[in-house]
Amino acid sequence: MPDTSTPFYLTTPIYYVNARPHIGHTYTTVVSDAIARRRRLLGQDVWFLTGTDEHGQKIERSAEKAGIAPQQFTDQVSAEFRGLWDQMGLTYDDYIRTTEERHKRGVHKLWNVLKERGYLYKGTYTGQYCVWDELYVEAGPGAACPDCGRITETVSEENYFFKLSAFENRLLELYAEQPGLIQPETRRNEVLAFVRGGLRDLSVSRTSFKWGIPVPGDESHVIYVWLDALANYITALGYGSEDESAFHKYWPAQLHIIGKEISRFHCVYWPAFLMAAGLPLPTAVVAHGWLLFEQSKMSKSRGNIVRSETILAVLGADALRYFLLREIVFGQDGSFSFDALVQRYNADLANGLGNLVSRTLAMIEKYFSGVIPEASAAESIQAAAEQCIQTFGERFDALDFSRALESAWALVAVIDGYISEQAPWKLAKQADAGDEASREQLKTVLAACAEAIRVLTALVYPVLPEAAAKIWTQLGLGDLHQADLKDLHWGGLQPGARLGALGPVFPRADKDAAERMQAMEQDNARNAAAQAAETAPASPTTPQSVPAPVDQSISHPNLESGPVPVSPATALATPPEQTADASLPLGAFMPGLGAMEDAAIVGQITTPAMVETANVNDAPAAARPDAVPQITIDDFLKVELRVAQILVAERVPKADKLLRLEVDLGYEQRQILAGIAETYAPESLVGRKVVIVANLAPRKLRGFESNGMVVAASLGEHGKPSLAGFLDHVEIGARLK
RNA sequence: GGCGGCGUAGCUCAGAUGGUUAGAGCGACGGACUCAUAACCCGUAGGUCGAUGGUUCGAUUCCAUCCGCCGCCA
């Protein structure tokens, strides 16, 4: 049991509003919410902060693209985040936005304190700057950003610098003295290695753009986004305001929950800033891993971002919370898939907890008219429940959520086993036949089960707040939020109390729930892509159209809790025009191509003629040999098929079907044109591995040279392309044969 | 390239300061039951614990090398 006598200040990162909220943000926030709820349950004074990070050049540019003022832009996206958290019933105590006055005031104070204490000075920086990442990079002029691959700009700026170099030893001492500061161990190792490698002073102002907090007394400078953003943790508590009481009460934070990609900022810069300002340091910074979609990184550029709304609509918030905390080992990368979600939901929530509650309460209803019977001792169950209180608490408080839940579900299994072993339905029959001993045993069994469920419900509440409240009501205990559960122990159910109205807590999800969610996501992605293409120039700013530019950029090395994708923003509105070119259908037999049995090559452009051919090929398998003459293996081997990864994808002006791709073959990069623009949004293709015909003679299309063809299945009447790909990991450049 | 990590049943993961038959959940299969959300309960499923070499009476657990994957290196 943790010490709950002191205030507990808990934060999520503030999310960068250049991306719309997705399941990665939800993960971070849900974890934090669960922790906050448990601490409150234990009677601790909790302050739980989240919010949005709204400054920076990228925001400025996105707003410009959307044709609105940066403030309006951030207002809208920030509201989306907050709206989602509210929809999910998250219990944050405060929501900070870096564009708020209270924040700016606090940042100014922090700046002034750092200045006064001699940790800021003016210097000149000349070097490469990555606009995308808003980061200076060490590289020669014209070099690509090592992080995102975009071309850097050479800048020479007079900047303010923070004397980070002065903190190298103090930070190393701090890490040694406070081993729990950085968790998990891997992140700690990384941070240690980084600091040991030597610290240079940090540039903490910019003059190249305006959208930020001006440097006090030198308004041509804007304060570096990271200094601005990190300060939210104290400005939200009133640091720099007339009333700093909350700051004094809650600071330092007990727990900063972050995504692993921002550990350096939180474990090096942030403590250094605080030390420089003479402020207390946080107790712990805990970095979680990334949420992968199936096996691959989730990112807008891959078009595989999962929105939380879809899951909420189909299975509800508790299902999502449970999945995130149960399925993912906290601290490690985890994998999300709709199938896994539905499976977890059905196995653990519907069949497990939900069914247990249902069968137990139904029997109390049936055999005792819904009145909790008088219990006598049921040692085995009581012992199991008490053990569970212990184990669950220890694991949860150690942030080992998956194993904490595992222990709770072990109790579910114990109770289910107990019911099967005791067979209350048999006891009831014997009791009806006049056997008093059976009647007593029946009471004992059902009372014990109900009590065990009560314990379980209280434990699981931080993870499943809605469901727990429902079960609580069904147990006849009234409002869970009114209950005092500081000292949870066996024996809280009162015999004689009446159950509430019964009903399923977790209705079973049907088989196609996963497919439904997947379809919803695909529709959404398609709409977003369509909107992105339409709204590039200034256009009316409906709530839907505004985030379109946002869709194309997702991560900033900022307080953002998602993977870092590689995605150029290249959606251009293209005037429609018919284009056509010839292409070759390939023989039906393509060894090694796995799922793409009906593959045709739509390399450059799918012509009407070719579509027809492809359709013939798509027809029943028996028809295929007639359509295309047989070839020998030697014929096939003349075709050099290789795996390539798309680096750049953009529309070709004045061609509505054509995309210009730059692909990486490992040994070389080349340009290919593909007639797939009607089906694939360019931004959804970047990073994707495709199959190309590598030895096709080059030819020019619309003024661009195409060096190869992209392989895709041709579907339906209109030959809608579907790119060939792999379920397994494949190396770029690998030959298909 | 430097540093760090990972690779255990179909899937997600535990675990061992080296020691008899390597675990859990899910999925699959067989059985049983009928209170319950076609749920629950019982049983079975045979994974060279990434590969090779070394230390040892004995290694999946220690060491080395290799392969694969990943992270950090402003």
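Proteins get letters first, then strands, A, B, ... in listed order; numbering begins at 1 in each. Every value quoted in this text rests on a predicted model; they were computed, and no experiment measured them.
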Asker: If you only use heavy atoms from C-beta on, which nucleotide in rC41(B), rC35(B), rA36(B) is closest to the side chain of S358(A)?
Answerer: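 Closest nucleotide to the S358(A) side chain: rA36(B).
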Asker: Parallel, tilted or perpendicular: which fits the ring planes of Y119(A) and F167(A), with parallel below 30° and perpendicular above 60°?
Answerer: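 Ring orientation, 0 to 90° scale: tilted.
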Asker: How about Y345(A) and F323(A): are their ring centres within less than 6.0 Å of each other?
Answerer: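 Y345(A) vs F323(A): aromatic centres not under 6.0 Å.
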Asker: Please determine whether side chain to side chain donor-acceptor pair (under 3.5 Å) holds for the pair T391(A) and Q387(A), giving the CA-CA distance in whole Å, both sets of side-chain angles, and the decisive distance to 0.1 Å.
Answerer: CA-CA 6 Å; T391(A) 309; Q387(A) 181 59 54; 2.8 Å; yes
Asker: Rounded to whole angstrom, note down the C1' distance from rG19(B) over to rG4(B).
Answerer: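 rG19(B) and rG4(B) have their C1' atoms separated by 31 Å.
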Asker: If you measure from the P atom in rU44(B) to the same atom in rG23(B), how many Å do you get, rounded?
Answerer: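 The answer is 12 Å between these two P atoms.
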Asker: If you only use heavy atoms from C-beta on, which nucleotide in rC40(B), rC73(B), rG4(B) is closest to the side chain of N355(A)?
Answerer: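 Of all the options, the side chain of N355(A) is nearest to rC40(B).
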Asker: Return the 5'-most residue of the pair W425(A), T186(A) with respect to RNA chain B, ranking by each residue's nearest nucleotide.
Answerer: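 Nearer the 5' end of the strand: T186(A).
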Asker: Send over the distance from E185(A) CD to rC72(B) P, rounded to a whole Å.
Answerer: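 In whole Å, rC72(B) P and E185(A) CD are 17 Å from each other.
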Asker: Among side-chain atoms of N159(A) and Y224(A), is any donor-acceptor pair under 3.5 angstrom?
Answerer: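 No, no side-chain donor-acceptor pair sits under 3.5 Å.
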Asker: Dot-bracket, RNA chain B: Watson-Crick or G-U, under 3.5 angstrom, [ ] crossing, | other strand?
Answerer: (((((((..((((.....[...)))).((((.........)))).....(((((..]....)))))))))))).
Asker: Using whole Å, report how far NZ of K429(A) lies from C1' of rC33(B).
Answerer: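 After rounding, the gap between these two atoms is 11 Å.
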Asker: If I take atom CH2 in residue W409(A) and atom P in nucleotide rC40(B), what distance separates them, rounded to the nearest angstrom?
Answerer: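 After rounding, the reported distance stands at 14 Å.
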Asker: Toward the 5' end of RNA chain B, which comes first, D416(A) or L349(A), by nearest nucleotide?
Answerer: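 It is L349(A) whose nearest nucleotide is closer to the 5' end.
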Asker: Would you kindly say whether N351(A) and R508(A) are connected by a side-chain donor-acceptor distance under 3.5 Å?
Answerer: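 A donor-acceptor contact under 3.5 Å links the two side chains.
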Asker: Give one of base, sugar-phosphate or nothing for L361(A), where a contact means two heavy atoms less than 4.0 Å apart.
Answerer: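 Here L361(A) touches no strand at all.
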Asker: OP1 or OP2 of rA39(B) versus the side-chain N and O atoms of R508(A): is any pair under 4.0 Å?
Answerer: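 Indeed, a polar side-chain atom of R508(A) lies that close.
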Asker: When rounded to the nearest Å, what value does the distance between P atoms of rA45(B) and rC35(B) take?
Answerer: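 It comes out at 32 Å once rounded to the nearest Å.
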Asker: Rounded to the Å, how far apart are L353(A) CG and rA36(B) P?
Answerer: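 Whole-Å distance recorded here is 18 Å.
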Asker: Identify the residue among L459(A), V460(A), L325(A), V463(A) that makes a side-chain contact (heavy atoms from CB on, under 4.5 Å) with F396(A).
Answerer: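 It is V463(A); the other options fail the test.
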Asker: If I take atom CZ in residue R196(A) and atom P in nucleotide rG4(B), what distance separates them, rounded to the nearest angstrom?
Answerer: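 Spelled out: CZ on R196(A) to P on rG4(B) is 10 Å.
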Asker: Salt bridge check, D400(A) against R403(A): does any charged N sit closer than 4.0 Å to a carboxylate O?
Answerer: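 Salt bridge between R403(A) and D400(A), a charged N being under 4.0 Å from a carboxylate O: yes.
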Asker: Taking atom C1' in both rG68(B) and rU8(B), what distance in whole Å separates the two?
Answerer: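 Each nucleotide's C1' atom is 16 Å from the other's.
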Asker: Among rA14(B), rC35(B), rU37(B), which nucleotide sits nearest the side chain of Q332(A)?
Answerer: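 It is rA14(B).
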Asker: Between rU52(B) and rG7(B), how many Å separate the two C1' atoms, rounded to a whole number?
Answerer: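 Each nucleotide's C1' atom is 16 Å from the other's.
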Asker: rA32(B) C1' sits how many Å from I419(A) CD1, rounded?
Answerer: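 Distance check: I419(A) CD1 to rA32(B) C1' gives 17 Å.
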Asker: How is G331(A) classified with respect to the nucleic acid when contacts are heavy atoms under 4.0 Å: base, sugar-phosphate, or nothing?
Answerer: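 No contact at all - G331(A) keeps every heavy atom at 4.0 Å or more from the nucleic acid.
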Asker: Looking only at heavy atoms, which two atoms of I415(A) and I381(A) are closest? And how far apart?
Answerer: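 In terms of heavy atoms, the two residues are closest at CA-CD1, 4.3 Å.
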Asker: The side chain of R200(A) is closest to which nucleotide in this list: rA74(B), rC72(B), rC41(B)?
Answerer: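 Ranking rA74(B), rC72(B), rC41(B) by closest atom to the R200(A) side chain puts rA74(B) first.
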Asker: Using a 4.0 Å heavy-atom cut-off across all strands, classify Y269(A) as base, sugar-phosphate, or nothing.
Answerer: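 Base contact.
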Asker: With heavy atoms under 4.0 Å as the rule, sort G197(A) into base, sugar-phosphate or nothing.
Answerer: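 Counting heavy atoms under 4.0 Å across all strands, no contact is made by G197(A).
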Asker: With respect to the side chain of R264(A), which nucleotide from rC72(B), rC41(B), rC35(B) is positioned closest?
Answerer: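 Given the options rC72(B), rC41(B), rC35(B), the side chain of R264(A) is closest to rC72(B).
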Asker: Sticking with atom P, work out how far rC69(B) lies from rU61(B), rounded to a whole angstrom.
Answerer: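 Rounded to whole Å, the distance is 22 Å.
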Asker: Roughly how far apart, to the nearest Å, are rC67(B) and rG50(B) at atom C1'?
Answerer: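 Result for the C1' pair: 8 Å, nearest Å.
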Asker: Could you work out which one of rU34(B), rC72(B), rA14(B) sits closest to the side chain of V329(A)?
Answerer: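 My answer, after comparing the listed nucleotides, is rA14(B).
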Asker: Output a table of nitrogen or oxygen pairs between the protein and nucleotides 23-30 of chain B separated by less than 3.5 Å.
Answerer:
unit_1, atom_1, unit_2, atom_2, d
rC26(B), O2', Q343(A), NE2, 2.1

Asker: Hey, is the main chain of P282(A) close enough, under 3.5 Å, to the side chain of Q178(A) for a donor-acceptor pair?
Answerer: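 Yes, because the side chain of Q178(A) sits within donor-acceptor range (under 3.5 Å) of the backbone of P282(A).
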Asker: Under the criterion salt bridge (charged side-chain N to carboxylate O under 4.0 Å, His left out), I'd like the reasoning laid out for K260(A) against E190(A): C-alpha separation, chi angles, the key distance, then a yes or no.
Answerer: CA-CA 11 Å; K260(A) 67 178 182 181; E190(A) 284 173 10; over 6 Å; no
Asker: When the C1' atoms of rC29(B) and rA9(B) are considered, how many whole Å apart are they?
Answerer: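 Their C1' atoms lie roughly 15 Å apart.
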Asker: Find the distance D339(A):CG to rU12(B):P and express it as a whole number of Å.
Answerer: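 Answer to the nearest Å: 13 Å.
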Asker: Take the protein atom CG of L405(A) and the nucleotide atom C1' of rC13(B), then report the distance between them rounded to whole Å.
Answerer: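 Result: 14 Å.
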Asker: Could you tell me whether a side-chain N or O of D201(A) sits under 3.5 Å from a main-chain N or O of F161(A), the two making a donor and an acceptor?
Answerer: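 Absent.
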Asker: Of the candidate nucleotides rG4(B), rU37(B), rC35(B), which contains the atom at the shortest distance from the side chain of A350(A)?
Answerer: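 Per side-chain heavy atoms of A350(A), the pick is rU37(B).
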Asker: Parallel, tilted or perpendicular for H266(A) and Y233(A), by the 30°/60° rule?
Answerer: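 Because their plane-to-plane angle lies in the 30° to 60° range, the rings of H266(A) and Y233(A) count as tilted.
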Asker: Of all the nucleotides listed (rC13(B), rA74(B), rU12(B)), which has the minimum atom distance to the side chain of L199(A)?
Answerer: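 Closest of the options to the side chain of L199(A): rA74(B).
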Asker: Choose from rU37(B), rA74(B), rC40(B) the nucleotide whose nearest atom is closest to any side-chain atom of V505(A).
Answerer: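 Within the option list, the nearest is rU37(B).
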